[in-house]
2 protein chains.
Amino acid sequence: MTYASALEALAPSTRRAVFERLRKGPLPASRLAEGLSVSRPAVSQHLQVLKRARLVREEARGRQRIYSIDPTGLEALRAYLDTFWDVALDRFKQTLETSRPKRSKSKRSKP
Amino acid sequence: MTYASALEALAPSTRRAVFERLRKGPLPASRLAEGLSVSRPAVSQHLQVLKRARLVREEARGRQRIYSIDPTGLEALRAYLDTFWDVALDRFKQTLETSRPKRSKSKRSKP
DNA sequence: GCAACCTGTAAGCCTTGACTTACGGAATGT
DNA sequence: ACATTCCGTAAGTCAAGGCTTACAGGTTGC
C-alpha cells in the first residue's frame, strides 16, 4: 500500500519540484529550498511527506540533514503501474483487432 | 508534461478506485459508479480528469460511453519514474560503499 | 556556558478541489 | 411525439492541505 502515499506525495507541483531537485544528487534541506519560490519550512514539510512515502531518505550529518532519493517508493510505484500495463496493452490490442484485423504476438517480460 | 496531470489524477483515492476498476476491462460510467460510495456525477467528473490525463479513453457506444485504460498516460508515468530510477540506484550503491567518505561529484549527461 | 547555525514543528490563514443536488441533452423504444 | 435511459455539466458547499510566520531543538565553535 506504499504506492498510495507515493502518488499523493508526488501530486503537488512544488513537492514534486523538491523531489526532482534530488536527481542531481543528495542535498541538505536549506539547499533544496534555495531554488524554489516557497519558504524553507514549506520545503521541510514536503520532505517529511516524501520521507513517509519512502521516496526520500534523510541522513543526519552533523547539524544538517542530507536528503537523497529512496528507491523503495519508486519501486512500489513501478509495481503498481505494471498492474495496469498489461491490461491496457491487452485492451489496446483488442481495439486494433476490432477496427481492422491484424496479427501481432508480442509478449511482455517481467524483470 | 503529461506525467504531471497523470500524477495529480491518480492522487485521490476514490478517483484511483475508478481507475483500478477498469483493470477488469472496459465499463460504462454507470457500472463504474455502482461499487463506489460516491454519486454517479462524481464518477463522471473523475472520468473527465482521467481522460484529460490520457489515463482513460472514452468510446461512444449508442447512448452509453464505455471507458477503458489508455496506455498513453501510463507510459508517460513510467518514463518519468525512469528518470529517477538510475539516480536512485547510483546513490544507493554509493551508500553501500560507505566504508570511506568519498566526495566525488559525478556529472550525468543526458542525450 | 553562550552564541550562531541548520533545521523540524505549531498555529493559523486561505486557496484548491472533491462532492452533492439539480438540470440539460442526446440516443433508444413504443 | 413522448417517455425513458444514460450521461455530462452547473452551481454551491465544505473539509483537506499547502503555505507563512513564529518558535523550539540540537550541533558546532568561541
Side-chain angles (χ1 to χ4, degrees), chain A residues 1 3-22 24-70 73, chain B residues 1-22 25-70 73 101 103:
Chain A
M1 287 292 237
Y3 68 87
S5 52
L7 282 171
E8 294 168 7
L10 291 180
S13 60
T14 64
R15 191 186 297 150
R16 211 167 44 230
V18 172
F19 186 59
E20 292 171 358
R21 216 137 197 277
L22 291 174
K24 306 293 183 183
L27 281 178
S30 58
R31 297 292 303 272
L32 282 170
E34 277 178 9
L36 304 175
S37 57
V38 293
S39 68
R40 183 195 52 76
V43 174
S44 263
Q45 291 168 356
H46 285 313
L47 285 170
Q48 299 312 310
V49 176
L50 290 171
K51 190 174 65 176
R52 241 174 282 147
R54 307 290 232 132
L55 286 168
V56 305
R57 294 178 307 169
E58 93 173 36
E59 179 189 1
R61 185 89 173 174
R63 63 184 160 189
Q64 65 182 359
R65 314 187 188 180
I66 300 181
Y67 291 90
S68 58
I69 293 183
D70 186 355
Chain B
M1 290 291 239
T2 322
Y3 66 89
S5 52
L7 282 171
E8 295 168 7
L10 291 180
S13 60
T14 63
R15 190 186 296 151
R16 209 167 45 230
V18 172
F19 185 59
E20 291 170 0
R21 219 139 195 276
L22 292 174
L27 282 177
S30 57
R31 297 291 302 274
L32 282 169
E34 276 178 9
L36 304 175
S37 58
V38 293
S39 68
R40 184 196 51 78
V43 174
S44 263
Q45 292 168 355
H46 285 314
L47 285 170
Q48 298 312 311
V49 176
L50 291 170
K51 190 173 65 175
R52 241 175 280 147
R54 307 288 235 135
L55 286 167
V56 304
R57 294 177 307 167
E58 96 173 35
E59 179 190 1
R61 187 89 170 173
R63 64 183 159 189
Q64 65 182 357
R65 315 189 189 178
I66 301 181
Y67 291 88
S68 57
I69 293 183
D70 186 355
R103 275 208 163 255

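All chains are named by letter (A, B, ...) in the order of the sequence lines, taking the proteins before the strands, and each is independently numbered beginning at 1.
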Trainee: Side chain to side chain contact (heavy atoms under 4.5 Å, CB included) between Val18(B) and Thr14(B): does it pass, once the steps are laid out?
Mentor: CA-CA 6 Å; Val18(B) 172; Thr14(B) 63; 5.9 Å; no

Trainee: Assess the residue pair Val49(A) and Arg15(A) against the criterion (side chain to side chain contact (heavy atoms under 4.5 Å, CB included)); give the C-alpha distance rounded to whole Å, side-chain angles, the decisive distance to 0.1 Å, and a yes or no.
Mentor: CA-CA 9 Å; Val49(A) 176; Arg15(A) 191 186 297 150; 3.6 Å; yes

Trainee: Which residue is it: Leu10(B), Leu47(B), Leu32(B)? I am looking for the one with a side-chain contact (heavy atoms from CB on, under 4.5 Å) to Phe19(B).
Mentor: Leu10(B)

Trainee: Could you give me the CA-CA distance, side-chain angles and deciding distance for Gln45(B) and Gln48(B), then say whether side chain to side chain contact (heavy atoms under 4.5 Å, CB included) is met?
Mentor: CA-CA 5 Å; Gln45(B) 292 168 355; Gln48(B) 298 312 311; 5.6 Å; no

Trainee: Around atom CZ of Arg16(A), are there more than 12 heavy atoms from other residues, nucleotides or ligands closer than 6.0 Å?
Mentor: yes

Trainee: Along DNA chain C, 5' to 3', what are the outermost nucleotides having an atom less than 4.0 Å from a heavy atom of chain B?
Mentor: dA18(C) to dT28(C)

Trainee: So which heavy atom on Pro26(A) is nearest to which on Ile66(A), and how close?
Mentor: CB-CG2, 3.6 Å

Trainee: Once each nucleotide of nucleotides 20-30 of chain D is scored for protein heavy atoms under 4.0 Å, what B/S/- sequence comes out, 5' to 3'?
Mentor: BBB----BB--

Trainee: Taking CD from Glu34(B) and P from dC6(D), how many angstroms apart are they, rounded to a whole number?
Mentor: 10 Å

Trainee: Testing the basics here: between Leu36(B) and Ala17(B), what is the closest heavy-atom pair and its distance to 0.1 Å?
Mentor: CD2-CB, 4.0 Å

Trainee: Taking all non-hydrogen atoms of both residues into account, name the closest pair between Ala9(A) and Leu50(A) and its distance.
Mentor: CB-CD2, 4.1 Å

Trainee: Does anything in residues 49-56 of chain A reach DNA chain C, meaning a heavy atom under 4.0 Å, and if so which residues?
Mentor: none

Trainee: Should His46(A) be listed as having a side-chain N or O under 4.0 Å from OP1 or OP2 of dC19(D)?
Mentor: yes

Trainee: Rounded to whole Å, how long is the line connecting atom CD of Glu58(B) with atom C1' of dT9(D)?
Mentor: 13 Å

Trainee: Roughly how far, to the nearest 0.5 Å, is CZ of Arg52(B) from CD of Glu8(B)?
Mentor: 11.0 Å

Trainee: Taking only side-chain nitrogens and oxygens of Thr14(A), does any of them come within less than 4.0 Å of OP1 or OP2 of dC19(D)?
Mentor: yes

Trainee: What pair of heavy atoms forms the shortest contact from Leu22(B) to Ser68(B), and how long is it?
Mentor: CD1-C, 4.2 Å

